[in-house]
Amino acid sequence: MSSQENSLNLRWSSLNALLIVSARFISDFGAFLNMVALSTYVYLLSNSVMHVSICCVAATS
């Protein structure tokens with residue numbers, strides 16, 4: 001392979017890595033927001049922090 005082809009492959013690899021990391025960050029942030037929404041909903045229904053902690057432990061298991 002030529003030097004130019006290696007450079008092009010390196011750019012595509014870097015772009016792919018960036019896209020994978022970005023997608024993972026967005027996915028983890030979405031999961032965090034989902035847990036916040038679930039915790040808020042349970043707290044508003046029960047007005048008990050104990051119910052929220054039990055719900056969160058059950059949801060992550």
Side-chain angles (χ1 to χ4, degrees):
M1 274 205 268
S2 70
S3 173
Q4 190 175 14
E5 288 175 348
N6 285 337
S7 176
L8 185 61
N9 285 338
L10 183 60
R11 269 191 230 140
W12 279 114
S13 295
S14 298
L15 179 61
N16 285 341
L18 179 65
L19 290 174
I20 290 170
V21 169
S22 299
R24 180 64 192 261
F25 174 76
I26 291 169
S27 174
D28 288 348
F29 187 66
F32 169 74
L33 289 180
N34 188 23
M35 187 59 69
V36 169
L38 178 64
S39 300
T40 303
Y41 179 70
V42 170
Y43 178 74
L44 290 175
L45 286 180
S46 66
N47 287 329
S48 171
V49 175
M50 185 62 74
H51 284 97
V52 174
S53 61
I54 292 171
C55 174
C56 289
V57 168
T60 57
S61 297

**Q** Grouping I, L, V, M, F, W and Y whenever their side-chain heavy atoms are under 4.5 Å apart, do L38 and F32 come out in a common cluster?
**A**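 As far as the 4.5 Å side-chain criterion goes, F32 and L38 are not connected within one cluster.
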**Q** Under 3.5 Å, is there a donor-acceptor pair between the side chain of T40 and the main chain of V36?
**A** yes
**Q** For the CG atom of L18 and the OG atom of S13, what is their distance to the nearest 0.5 Å?
**A** 12.5 Å
